[in-house]
Amino acid sequence: MKKTTLALMTSISLALTSYGASGHSEDKVSLNFHYQVKDKQQEKNGYKVILLSPKISFSKNIPAEYQEKFDAALQSQIKEILQTEGYEIIPTQNENTLNAQEKQAGYLAFRISGHIDILEENQMDYKNNQKSPLQEGMDMSSGILRFDFLEPLSAEVFHTFSIDLSKIHSKEHYIKRVRNHSGGFMTDKVVHTSDTYSYADSIRKILNQVYAESLEKIDKELRFHNVKYYQKDIQALKSKSNK
């Protein structure tokens with residue numbers, strides 16, 4: 001037991017070792033909201049797809065800047081995927097901003113909603129000379145993204161699929177500073193080992209993984225031959241709406 005405790009204290013001591021005069025850990029991970037579309041460019045198929053702006057909520061520990069970049073990249077790359085499949089795109093904020101002519105012209109509408117959460121599991125505090133601690137923890141992906149195919153005139157959903165973000169199993173270890181009792185931050189620095197990320201790096205890495213795996217699923221679902229499978233349902237809904 002004593003040997004185990006000594007080994008743990010040694011690892012904590014190494015983590016608290018100072019590095020660099022700046023007092024900040026260097027970020028290792030950048031946001032990478034880019035997905036390489038798998039399919040080749042197809043000929044124009046004559047169909048128009050109404051692409052609605054994403055309606056995704058995020059947990060509070062995800063910075064607003066990251067949220068905006070995620071939404072913008074998601075919208076842009078779904079547009080790229082659809083254009084690669086030969087569709088013409090009609091972008092819009094929501095169904096209510098479309099006029100009757102646009103609804104009539106639209107072959108289908110594609111809507112994205114859901115919530116992205118990063119759960120934090122705090123494991124221990126590293127004490128240092130009775131000052132504020134460094135907090136070690138684990139970030140984990142959670143939430144769900146839902147993708148709906150709608151017939152524009154009736155706004156009825158004829159197909160949907162979802163991605164359970166907890167099943168992506170994205171987990172990242174981090175160490176971060178926490179405030180001391182006086183409200184300030186401790187002056188000690190943190191050295192990250194090769195498998196340990198800062199708190200901000202952990203958030204970015206999980207978002208990158210969520211984005212990449214979500215786009216891979218979307219890319220498969222939006223292939224022309226997959227969407228064409230629902231052509232009879234689309235035509236039936238359009239005919240019903242035009243009566």
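Each residue takes its place number in the sequence, starting with 1.
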Trainee: Determine the sole option in Ile62, Asn32, Val29 for which the side chain to side chain contact (heavy atoms under 4.5 Å, CB included) test with Arg204 is passed.
Mentor: Val29

Trainee: Below 6.0 angstrom between ring centroids: does that apply to Tyr211 and Tyr35?
Mentor: no

Trainee: Is it true that the side chains of Glu213 and Gln209 contain a donor and an acceptor less than 3.5 Å apart?
Mentor: yes

Trainee: With a 4.5 Å heavy-atom cut-off, do Ser154 and Lys240 have their side chains touching?
Mentor: no

Trainee: Locate the shortest heavy-atom distance separating Ile234 from Glu151; write the atom from each residue and the value.
Mentor: O-CG, 3.9 Å

Trainee: Should Ile89 and Ile50 be counted in the same cluster of Ile, Leu, Val, Met, Phe, Trp and Tyr side chains packed under 4.5 Å apart?
Mentor: no

Trainee: Counting C-beta onward and ignoring hydrogens, is there a side-chain heavy-atom pair between Tyr107 and Val227 closer than 4.5 Å?
Mentor: yes

Trainee: Carefully, step by step, assess Glu65 and Lys69 under the rule salt bridge (charged side-chain N to carboxylate O under 4.0 Å, His left out).
Mentor: CA-CA 6 Å; Glu65 177 187 1; Lys69 288 182 177 180; 3.2 Å; yes

Trainee: Indicate, with yes or no, if Tyr47 and Ile90 share a hydrophobic cluster defined by side-chain heavy-atom contacts under 4.5 Å among Ile, Leu, Val, Met, Phe, Trp and Tyr.
Mentor: no

Trainee: Are Leu82 and Leu98 grouped together when hydrophobic residues (ILVMFWY) are joined by side-chain heavy atoms under 4.5 angstrom apart?
Mentor: no

Trainee: Can you see whether Gln83 engages Glu80 through a side-chain donor-acceptor pair at a distance of less than 3.5 angstrom?
Mentor: no

Trainee: Dump the intermediate steps for salt bridge (charged side-chain N to carboxylate O under 4.0 Å, His left out) on Arg111 and Glu95, then the final yes or no.
Mentor: CA-CA 9 Å; Arg111 180 175 63 197; Glu95 302 95 316; 2.8 Å; yes

